[in-house]
K.L.:
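I am attaching a structure below and will ask some questions about it afterwards.
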There are 2 protein chains.
Amino acid sequence: MTRWLTADEEQAWRAVRRFLTVLPSRLARDLNQLGLSSADYEVLSTLSEQPDHRWGLRDFAVKMQWSRSRLSHHAGRMEARGLITREPDPADARGSIYHLTDAGLELLRQAAPGHLDSVRERFVDHLTPAELATLGRLAERIADLPD
Amino acid sequence: MTRWLTADEEQAWRAVRRFLTVLPSRLARDLNQLGLSSADYEVLSTLSEQPDHRWGLRDFAVKMQWSRSRLSHHAGRMEARGLITREPDPADARGSIYHLTDAGLELLRQAAPGHLDSVRERFVDHLTPAELATLGRLAERIADLPD
DNA sequence: AGCATTTCTTTGACATGTCATAGAAATCTG
DNA sequence: CAGATTTCTATGACATGTCAAAGAAATGCT
């Protein structure tokens, strides 16, 4: 017995679907102007949050919620652009340690303010603090559901 | 002068980012079990909402918010699978009219209940009607911002 | 210790999306 | 009406993601 969506549910779901596609694409477009893809930015900022700017692929992939294959491919491209390096892990010769280069850090520093403006202009500044908190709470509830 | 995010804003934004990536990926995974990609499903359901199951590429792409190139490529693949057909537009020989095949409609009908369950299980059923309405209203506000 | 199993990153083949362009047809202009 | 311009879809080249498999190293078992 399929429970179809009520009219209200349907309307809300349509709005949320649009939100899900449109916001990321706007942020990506803004970032592209700064010379980075969204994926690039995530990699750089995640790496930069690590104290020594290093991370082994496996944990890095878990942290980013990316497949290891995806991260390895993407890292290869970023390495070719000089934004990160990959070195063998001294503690486990199978492993690979990713490290942010100076150029990568510089590019991130240069792009961050623009990206932040973008997040404000496309999202944060259009909600009151209470609305943002509510939205964050509901988003978290959904995101925290089991996979 | 860059206005950084406050701690509250940062927390909410992180939750929303996770929501933006995780929910679509779960829905896509569920749909894949049913033999369709999310893109396939959107194409089929959008076409099926048209009274005669036909749509010219241009307006179709606008409705879906896809580039015409993307839709043309995707339609080529779906045509090869027998889910839609493309015919020249009698009113404008440059144009192309997309039409849902019986097989396409059948596949959509077969997948729809499962997808609906998925939307409920991954999203709708975890919010009260009031929460869903609020979320929909906020999502709509953001989505309706100029591009 | 030795062999099988597991774990790890990388790679290759392939699916999908973007951007620029081709080629045909409609529209605009004088 | 003729020629230039615009508009249209399809396509090719390329970037990016997925999935399966390869190859090396660590781990487990007897």
Side-chain angles (χ1 to χ4, degrees), chain A residues 20-22 24-33 35-44 47 54-81 83-99 147, chain B residues 20-22 24-33 35-44 47 54-81 83-99 147:
Chain A
L20 290 172
T21 57
V22 145
S25 98
R26 287 173 188 160
L27 295 174
R29 185 147 34 80
D30 292 345
L31 263 177
N32 292 346
Q33 305 282 323
L36 289 170
S37 68
S38 291
D40 294 335
Y41 190 88
E42 283 182 69
V43 168
L44 292 181
L47 257 186
R54 293 173 170 277
W55 216 318
L57 178 142
R58 186 193 167 72
D59 297 338
F60 193 13
V62 168
K63 169 70 175 179
M64 305 222 5
Q65 310 235 54
W66 281 14
S67 73
R68 287 176 252 170
S69 170
R70 177 184 179 187
L71 183 52
S72 181
H73 274 298
H74 204 94
R77 293 187 290 265
M78 294 183 73
E79 188 176 34
R81 291 160 64 200
L83 304 178
I84 65 172
T85 57
R86 290 187 284 189
E87 310 159 24
D89 182 344
D92 180 341
R94 292 167 306 179
S96 187
I97 302 217
Y98 289 22
H99 183 253
D147 254 334
Chain B
L20 290 172
T21 56
V22 144
S25 97
R26 288 173 188 161
L27 294 174
R29 186 149 32 82
D30 292 345
L31 263 177
N32 292 345
Q33 305 282 323
L36 288 170
S37 68
S38 290
D40 294 335
Y41 190 88
E42 283 182 68
V43 168
L44 293 180
L47 257 186
R54 295 173 168 276
W55 216 319
L57 178 142
R58 187 191 168 72
D59 298 336
F60 193 14
V62 169
K63 169 70 176 180
M64 307 228 355
Q65 310 235 57
W66 280 15
S67 73
R68 287 175 253 169
S69 172
R70 177 183 180 188
L71 183 51
S72 180
H73 274 298
H74 204 94
R77 294 187 290 265
M78 293 183 73
E79 188 176 33
R81 292 159 64 200
L83 303 177
I84 64 172
T85 57
R86 291 187 285 189
E87 311 158 22
D89 181 345
D92 180 341
R94 293 169 305 180
S96 186
I97 302 216
Y98 290 20
H99 183 254
D147 255 335

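Lettering of chains follows the sequences in order, A, B, ..., and the numbering in each one begins at 1.
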K.L.:
Using atom CD of A:E42 as one end and atom P of D:dG17 as the other, report the distance to the nearest whole Å.
P.N.:
9 Å

K.L.:
Under 4.0 Å between a side-chain N/O of A:S67 and OP1 or OP2 of D:dT18, yes or no?
P.N.:
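Yes, A:S67 has a side-chain N/O under 4.0 Å of OP1/OP2 on D:dT18.
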
K.L.:
Out of C:dT16, C:dT11, D:dT9, which has the shortest distance to the side chain of B:R77?
P.N.:
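Nearest nucleotide to the side chain: C:dT16.
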
K.L.:
I want to confirm an ordering. Mapping B:R70 and B:D92 to their closest nucleotides on DNA chain C, which one lands closer to the 5' end?
P.N.:
B:R70

K.L.:
Measure the distance from CG on A:L71 to C1' on D:dC19 and round it to the nearest whole Å.
P.N.:
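To the nearest whole Å, that distance equals 16 Å.
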
K.L.:
Going by atom types alone, do A:H73 and A:R70 pair a side-chain donor with an acceptor below 3.5 Å?
P.N.:
no

K.L.:
Tell me the interatomic distance from B:Y98, atom OH, to D:dC8, atom P, rounded to whole angstroms.
P.N.:
14 Å

K.L.:
Check this one for me: any side-chain N or O of B:S96 less than 4.0 Å away from OP1 or OP2 of D:dT9?
P.N.:
no

K.L.:
Once you round it to whole Å, what is the distance between C1' of D:dA10 and CD1 of B:I97?
P.N.:
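Answer to the nearest Å: 16 Å.
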
K.L.:
Assign each of B:R81 and A:N32 to its nearest nucleotide of DNA chain C by heavy atoms, then name whichever residue's nucleotide is nearer the 5' end.
P.N.:
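Closest to the 5' end, via its nearest nucleotide, is B:R81.
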
K.L.:
Can you tell me if A:H73 is stacked onto the base of D:dT18, using a 5.5 Å centroid cut-off and an angle below 30°?
P.N.:
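No, A:H73 does not stack on the base of D:dT18, since the centre distance and plane angle fail the 5.5 Å and 30° test.
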
K.L.:
Quick one, which residues of residues 56-66 of chain B touch DNA chain D with a heavy atom under 4.0 Å?
P.N.:
B:L57, B:R58

K.L.:
Exactly one of A:I84, A:L47, A:T85 should register a side chain to side chain contact (heavy atoms under 4.5 Å, CB included) with A:M78. Which one does?
P.N.:
A:I84

K.L.:
Could you go step by step and tell me if B:D89 and B:R94 meet the side chain to side chain contact (heavy atoms under 4.5 Å, CB included) rule?
P.N.:
CA-CA 7 Å; B:D89 181 345; B:R94 293 169 305 180; over 6 Å; no

K.L.:
Which nucleotide in the set C:dT10, D:dA10, C:dA24 lies at the smallest distance from any side-chain heavy atom of B:R94?
P.N.:
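The listed nucleotide nearest to B:R94's side chain is C:dA24.
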
K.L.:
Walk me through whether B:S37 and B:R77 qualify under side chain to side chain contact (heavy atoms under 4.5 Å, CB included).
P.N.:
CA-CA 12 Å; B:S37 68; B:R77 294 187 290 265; over 6 Å; no

K.L.:
Parallel, tilted or perpendicular, judged at 30° and 60°: which one describes the rings of B:F60 and B:W55?
P.N.:
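Parallel.
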
K.L.:
The side chain of A:R68 lies closest to which of these nucleotides: D:dT11, C:dC8, C:dG12?
P.N.:
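Selected nucleotide (nearest to the side chain): C:dC8.
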
K.L.:
Heavy atoms under 4.0 Å, any strand shown: does B:D89 hit a base, just sugar-phosphate, or nothing?
P.N.:
nothing

K.L.:
A:E87 has an atom CD; how far is it from atom C1' of C:dT10, in whole Å?
P.N.:
17 Å

K.L.:
With side chains defined as the heavy atoms from C-beta onward, is the minimum distance between A:W66 and A:S72 less than 4.5 Å?
P.N.:
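In short, these two side chains do not touch, never coming nearer than 4.5 Å.
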
K.L.:
If you take all heavy atoms of A:R86 and A:G76, which pair is closest and at what distance?
P.N.:
NH2-CA, 3.2 Å

K.L.:
Nearest to the side chain of A:S69, heavy atoms from C-beta on, is which of C:dA26, D:dC19, C:dG17?
P.N.:
D:dC19

